[in-house]
Amino acid sequence: MSGSSVLFDVPGPKARRLSLISSIVAGVLILVGLGWIAMTLAAPRESGGITLPGYFDGSRWNILADPEVWSFIFFQGVLGTLRAALLASVFAIVLGIIFSLLRSSEIAWIRIPTAVVLEFLRGMPVLLMMLFILLVLSTGAFWAVVAALSLYNGALIGEALRAGLAALPRGQREAGLSLGMRPLQSKMLVEFPQAFRQMLPIIVAQLVVLLKDTSLGYIVGYTELLRVTMNNLASFYGNRYLFTFFVITLVLYLIMNLSLSWFARWLSKRTASKSSGIRLDPDDPNQAVLLAEANAAARQSHPGGGI
Amino acid sequence: MDAVIENLPTYWRGFSMTLLLLGVSGISALVLGTIIASMRISPVASLRGFATVYTELVRNTPLTLVLFFTAIILPYLGSRLDYVTAAMIGLSVYTSPFVAEALRSGINGVPVGQAEAARSVGLGFGQTVGLIVMPQAFRMTIPPLINVFIALTKNTSVAGGFFVFELFAATRELANANGDAVIAILLGAATLYLVITVPLGIFAGQLERKWVVQR
């Protein structure tokens, strides 16, 4: 860390001792804070004259010994979430490819309307899109969730791919054309595979966003993980387990999202050494797309200039 | 179209709540994010560790779950917040790691050589940071920060699912009440969101193109 920060000198012995001391003090303060939260949760509480057990009491967690609860969580909840996410991912990538090709078309009356549609899709909340599809097309909650997520993420993936196409060295296209390929052939066979490979980490990072957004299904009434645990199970087994089910839901979401995030990061490290050196931040797809676009613009105004 | 014009007061009530959520959560996320970012680049290891774990955990939690926590679990645990405050807290917490990452990538994006060069011509720490590093970090930070606020604008709609009467909740109510003009109602709401997000997006894109540092 000390090497990557521009704000500090490489610390000497005195500075190192000082930072070790402050590190320990801060660490103790953080632990005290976390301990306080844990103590508060563990303390039994009075409610209307009845003393309820604390949140770490066994009677609040014994539900987890029941295999039926777990099978319900997995076969209804996790599977519902993954099913919507998987289907929407496939549609979003296909749509993204189509959008990027239309958006980078040389014919203005294809390019400009596509740009307007993409801008519309990117600027609107996904939740409103779900409501739109649900009410106007009356598709049912599952297809509303899948269609809205596909459209929204397809638009973002399309922008990423377009930025990838624009960031390619111009020579790639010229080489294709000089071999006698038609512009579309050169785009599909030479440019597009490279752009897709370069943008793959961004696409995977966008899929993390998509997976997270499936939880919006809770609001429009699709039975995914959050709805299964917090609505169905918590109302069936009673308020006593509300907090327990919330913790379980949180942990399951974190497992799914963190593994996909780590995969995206691993992918970007693996492809980074081979790509043309655009610094892509796989954590935030939006930002990475902006950066790639800016780099492409800079490259066009200074032909031959390195990045 | 008539349904939209007739219901302008309801739209306005929702829209102003959306703006309020955006303003308050945006500012508190900026404050919280700045604290997290400075913890993350500080030389103190335990603060760095805490900020890293916080960023990773919050960023990988769905917003729906965060708002569910502030709106339903917190009252169950004994808090007495009203739903609007709860939503503001949830949105600020959810947005803060994104703000922190934008700030951090701006500061870390400045090459070490710039600070070294500043020191080699005799500038002190304050001068190095104030005159050399921060102006460059600022240029790189503003466009991604605008993007974070665009995302926050759209995210305020989730609060509509948790008892806050903002633009999304208003739209849902209007759409249910005007079964014959659903498309017009929904397009009206979409326009109001786009009024905030599209200009911000164009602005961010322009700044990014204008401010990209040639290296």
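Order of the sequence lines sets the chain letters (A, B, ...), proteins ahead of strands, with each chain counted from 1. Below, all heavy atoms of this structure are taken into account, side chains as well, without hydrogens, waters or symmetry copies.
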Let's test your reading of the structure: which of [options] forms the most heavy-atom pairs below 4.5 Å with chain A?
options: B:Leu63, B:Ile73, B:Val182; value: B:Ile73
options: B:Ala118, B:Ser157, B:Gly161; value: B:Ser157
options: B:Ile150, B:Thr153, B:Val158, B:Leu47; value: B:Val158
options: B:Phe50, B:Phe162, B:Phe68; value: B:Phe68
options: B:Ile202, B:Leu187, B:Leu200, B:Leu167; value: B:Leu187
options: B:Thr64, B:Val44, B:Asn155; value: B:Thr64

Exercise. Got a salt bridge between A:Arg103 and A:Glu119, using NZ or NE/NH1/NH2 to carboxylate O under 4.0 Å?
Worked result: no
Exercise. Could B:Arg104 and B:Glu101 be called an ion pair, given the rule that one side-chain N must be under 4.0 Å from one carboxylate O?
Worked result: yes
Exercise. Who wins among A:Val25, A:Leu254, A:Leu260 for the most heavy-atom pairs under 4.5 Å with chain B?
Worked result: A:Leu254
Exercise. Looking at A:Leu131, A:Val209, A:Val136, which makes the most heavy-atom pairs under 4.5 Å with chain B?
Worked result: A:Leu131
Look only at the side chain of [X] and the backbone of [Y], and say whether a donor-acceptor pair between them is shorter than 3.5 Å.
X: B:Ser46; Y: A:Gly27; result: yes
X: A:Glu159; Y: A:Ala155; result: no
X: B:Gln127; Y: B:Gly124; result: yes

Exercise. Does NZ or CZ of B:Arg13 come closer than 6.0 Å to the centre of the six-membered ring of B:Phe165, within 45° of the ring's axis?
Worked result: yes
Quick one: what part of [X] sits under 4.5 Å from any heavy atom of chain B, side chain, backbone, both or neither?
X: A:Leu41; result: side chain
X: A:Ile30; result: side chain
X: A:Phe243; result: both

Exercise. If you measure only the distance, is there a donor-acceptor pair under 3.5 Å linking the side chains of A:Asn232 and A:Thr223?
Worked result: no
For this session: Verify the distance criterion only: is there a donor paired with an acceptor across the side chains of A:Thr81 and A:Thr214 at less than 3.5 Å?
Result: no
